[in-house]
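Contents: one structure, followed by commentary.
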Amino acid sequence: MLVPKKVKHRKWHKGRSRFKSHKATSLTNLDFGDYGIKATTRNWVSSRQIEAARRAMVHYIKRGGKIWIRLFPDKPVTSKGTHFTMGSGKGAPEYFVHIVRPGTVMFEMSGVTPEVATEALRRASHKLPVKTKLISVNDK
């Protein structure tokens, strides 16, 4: 799983999604591969979900092609057990997430046929909590 080696602050504020129309300003183009998955909705993607999607792609393409993961989960999410009462502080960091906005390219792939890439990316998209669409270099 992807986790940061070192963080400046152990616990972050949760934050709010204030505007539904905010689109991603970075990570919006295919920069490395020929095919990719682009998010069409917003959500937090955890390191476990990223790893599950990666494994689904690698399993399908077997030993061919190259995969780029464009996400890195650096936001810590905290939680407390159910037996705690109100108060007594904030919980410990449990896992890390990446905030995905609409238009973010999450995975890229090259070195495989279009049919193999489409199926591998489709399988990966089932592991993610956002709606996605498949994109390619040829699409304009």
Side-chain angles (χ1 to χ4, degrees):
M1 287 194 318
L2 297 170
V3 292
K5 286 181 189 169
K6 184 178 169 185
V7 291
K8 185 171 183 180
H9 300 288
R10 230 175 104 237
K11 300 174 184 178
W12 288 13
H13 292 293
K14 188 178 292 186
R16 293 286 180 263
S17 175
R18 291 188 299 189
F19 303 106
K20 296 297 179 194
S21 63
H22 267 193
K23 300 215 182 320
T25 55
S26 61
L27 301 175
T28 57
N29 299 319
L30 287 174
D31 292 333
F32 303 103
D34 299 327
Y35 308 97
I37 302 178
K38 184 179 262 197
T40 57
T41 58
R42 68 179 59 245
N43 210 335
W44 287 357
V45 178
S46 72
S47 57
R48 286 175 178 264
Q49 291 163 338
I50 294 169
E51 178 65 11
R54 185 197 68 81
R55 290 180 72 177
M57 285 188 290
V58 168
H59 180 76
Y60 187 78
I61 65 171
K62 298 194 171 45
R63 295 172 72 81
K66 179 150 176 58
I67 295 171
W68 288 270
I69 302 171
R70 300 287 303 276
L71 309 175
F72 186 78
D74 60 346
K75 177 185 175 74
V77 176
T78 62
S79 67
K80 288 169 57 170
T82 55
H83 59 278
F84 287 101
T85 57
M86 294 282 285
S88 71
K90 189 176 173 90
E94 292 289 319
Y95 57 95
F96 290 86
V97 298
H98 180 89
I99 302 168
V100 175
R101 295 187 177 119
T104 302
V105 175
M106 298 184 285
F107 295 95
E108 295 186 29
M109 182 182 295
S110 69
V112 292
T113 63
E115 296 79 23
V116 171
T118 300
E119 180 60 20
L121 293 170
R122 186 189 68 79
R123 289 178 183 218
S125 68
H126 289 303
K127 309 291 183 188
L128 300 169
V130 294
K131 291 183 180 178
T132 60
K133 69 176 184 179
L134 301 176
I135 57 173
S136 70
V137 172
N138 300 333
D139 297 342
K140 290 297 172 190

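- Under a 4.0 Å N-O distance rule, the pair Arg54/Glu51 qualifies as a salt bridge.
- Residues Met106 and Leu30 do not share a hydrophobic cluster, clusters being chains of Ile/Leu/Val/Met/Phe/Trp/Tyr side chains in contact below 4.5 Å.
- Ser47 places no side-chain N or O within donor-acceptor distance of the main-chain N or O of Met1, the cut-off being under 3.5 Å.
- Of all heavy-atom pairs spanning Ile61 and Ala120, the tightest one is CG2-CB, 3.8 Å.
- Using a 4.5 Å cut-off on side-chain heavy atoms (C-beta onward), Pro4 and Phe72 make contact.
- Other residues, nucleotides and ligands contribute over 12 non-hydrogen atoms within 6.0 Å of the NE2 atom of His126.
- Here the NE2-CG distance, from His98 to Asp74, works out to 7.5 Å after rounding to the nearest 0.5 Å.
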Q) Would Arg122 and Glu119 count as a salt bridge (Lys or Arg N to Asp or Glu O under 4.0 Å) if you check the C-alpha gap in whole Å, the side-chain angles of each, and the deciding distance to 0.1 Å? A) CA-CA 5 Å; Arg122 186 189 68 79; Glu119 180 60 20; 2.7 Å; yes
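- Ala117 approaches Val112 most closely through the heavy-atom pair CB-CG2, 3.7 Å.
- Distance check: Phe107 CZ to Ser125 OG gives 10.0 Å after rounding to the nearest 0.5 Å.
- Here the closest heavy-atom approach between residue Ser88 and residue Phe84 is recorded as OG-CD2, 4.3 Å.
- Rounding to the nearest 0.5 Å places OG1 of Thr104 at 8.5 Å from NZ of Lys38.
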Q. So Val77 and Phe96, side-chain contact (heavy atoms from CB on, under 4.5 Å) or not? Walk me through it.
A. CA-CA 6 Å; Val77 176; Phe96 290 86; over 6 Å; no
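- Nearest approach of Gly33 to Ser110, heavy atoms of both residues: CA-CB, 3.9 Å.
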Q | Stepwise side-chain contact (heavy atoms from CB on, under 4.5 Å) check, Arg42 with Val130 | A | CA-CA 6 Å; Arg42 68 179 59 245; Val130 294; over 6 Å; no
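- Taken from CZ in Arg101 to CG in Leu27, the straight-line distance is 10.5 Å, to the nearest 0.5 Å.
- Note: the hydrophobic cluster containing Ile69 does not contain Val97 (ILVMFWY, side chain heavy atoms under 4.5 Å, direct or indirect links).
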Q: Could you go through the side-chain contact (heavy atoms from CB on, under 4.5 Å) check for Tyr35 and Thr118 one step at a time?
A: CA-CA 8 Å; Tyr35 308 97; Thr118 300; 5.7 Å; no
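- Under a hydrophobic-cluster definition in which Ile, Leu, Val, Met, Phe, Trp and Tyr are linked whenever side-chain heavy atoms come within less than 4.5 Å, directly or via other members, Val100 and Trp68 are assigned to different clusters.
- Within 6.0 Å of atom NZ in Lys90, more than 12 heavy atoms from other residues, nucleotides or ligands are found, so the atom counts as buried in its surroundings.
- The local environment of OH in Tyr95 is sparse, with at most 12 non-hydrogen atoms from other residues, nucleotides or ligands closer than 6.0 Å.
- When each of Thr28, Asp31, Leu71, Ile135 is tested with Val105 by the rule side-chain contact (heavy atoms from CB on, under 4.5 Å), just one qualifies, namely Ile135.
- Across all non-hydrogen atoms, the minimal contact from Lys80 to Gly89 is NZ-O, 2.9 Å.
- Side chain of Lys75 to main chain of His13: a donor-acceptor pair is present (N/O by atom type, distance under 3.5 Å, no hydrogens or angles).
- Between the side chain of Thr40 and the backbone N or O of Lys131 there is at least one donor-acceptor pair closer than 3.5 Å.
- Taken to the nearest 0.5 Å, the CZ atom of Arg70 stands 8.0 Å off from the CG atom of Asn29.
- Remark: Lys127 NZ to Arg55 CZ distance equals 10.0 Å, nearest 0.5 Å.
- Taken together through direct or relayed side-chain contacts under 4.5 Å among Ile, Leu, Val, Met, Phe, Trp and Tyr, Trp12 and Val3 form parts of separate hydrophobic clusters.
- Residues Phe32 and Leu134 are members of separate hydrophobic clusters, defined by side-chain heavy-atom contacts under 4.5 angstrom among Ile, Leu, Val, Met, Phe, Trp and Tyr.
- The two atoms that bring Pro73 and Ile50 nearest to each other are CD-CD1, 3.9 Å, heavy atoms only.
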